[in-house]
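What follows is a single structure, written as structure tokens, with notes after it.
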Amino acid sequence: MTTVRIPAGWPATEEAARAAQDALRGRVVLDEPGPPPGTGRVTGVDVAYDDERGVVAAAAVVLDAATLAPVAEATAVGEVSFPYVPGLLAFREIPTVLAALEALDRDPGLVVCDGYGLAHPRRFGLASHLGVLTGLPTIGVAKNPFTFTYEEPDAPRGSTAPLLAGAEEVGRALRTQAGVKPVFVSVGHRVSLGIACAHTLALAPKYRIPESTRRADSLCRRALRETVA
DNA sequence: GCGACAG
DNA sequence: ATCTTGTCGC
């Protein structure tokens, strides 16, 4: 497990963070379809916090997209780099997530984030930000609708409904398990919304949350627990 | 001005 | 995110 410090020049205020988003959002690539679902590799990333100690742990778990079997993993710990502010989540999670991704011994393929990408107040959520910084294809899969609205998708697994910011479709509510609350999928970088949903559904054959996120979640929690002093 | 608000 | 017991169910 690697240790990271807050990068030099990392935004220290909300104003600086919003300015950084405005400066980077133009680099998001939205005209690529993305990797075909069920082939290659898919990597889940997630973060856990100990606000008492100001410590954060991140995990990246690489899965074989066809079998969902883990083929590589890495963790990183660091100091909390930003408070939680809706719309600025990336500044709290990215330094440690980047370190975990860089510690992997192979290409991550598609990166699945716990949160949003395009579905964001300034259209530049965590998944898009991480995509721009790494150049990797990314998507966001969130557990809550944030500030957006949606109609309940039909009950069968695989049903979707638009996730809306006014009249603009910024993502999709996707039912990954029949009769269970949907997850909220949005594009991050270099992936289309349809492909993002297809990947998400393929990653959730048994549970609501994608296997990639479940694996990364348990790993970063363990890494946090095993962190001393 | 007030409330809501990814993790 | 995190704080937290028991409890229902496969």
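No experiment lies behind these values; they were computed from the predicted model shown. Order of the sequence lines fixes the chain letters, A, B, ..., with proteins taken first and strands second; residue numbering starts at 1 for each chain.
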Which whole-number value in Å describes the distance from [X] [atom1] to [N] [atom2]?
| X | N | atom1 | atom2 | value |
| --- | --- | --- | --- | --- |
| A/R53 | C/dC3 | CZ | P | 12 Å |
| A/D51 | C/dA1 | CG | P | 12 Å |
| A/E52 | C/dT2 | CD | P | 12 Å |

Legend entry - Candidates B/dG7, B/dA6, C/dT2 - which lies nearest the side chain of A/R221: C/dT2
Legend entry - Closest to the A/T147 side chain, choosing from B/dA6, C/dT2, B/dC5: B/dC5
Inset, instruction - Taking only Lys NZ, Arg NE, NH1 and NH2, and the carboxylate oxygens of Asp or Glu, determine whether A/D217 and A/R221 approach each other closer than 4.0 Å. - result: yes
Short side-chain N/O contact from [X] to OP1 or OP2 of [N], under 4.0 Å:
| X | N | value |
| --- | --- | --- |
| A/K143 | B/dG7 | yes |
| A/R92 | B/dA6 | no |
| A/N144 | B/dC5 | no |

Inset, instruction - Mark this stacking check for A/Y84 against C/dA1 as yes or no, applying ring centres under 5.5 Å and ring planes under 30°. - result: no
Just checking [X]: base, sugar-phosphate only, or nothing, at a heavy-atom cut-off of under 4.0 Å?
| X | value |
| --- | --- |
| A/G140 | nothing |
| A/L88 | base |
| A/Y49 | sugar-phosphate |
| A/A48 | sugar-phosphate |

Inset, instruction - State yes or no: are the ring centers of A/F91 and A/H129 separated by less than 6.0 Å? - result: yes
Legend entry - Cation-pi geometry met for A/R92 and A/Y49 (6.0 Å, 45°): yes
Inset, instruction - Measure from NZ or CZ of A/R172 to the centre of the six-membered ring of A/F184 and say whether it is under 6.0 Å with the direction within 45° of the ring axis. - result: no
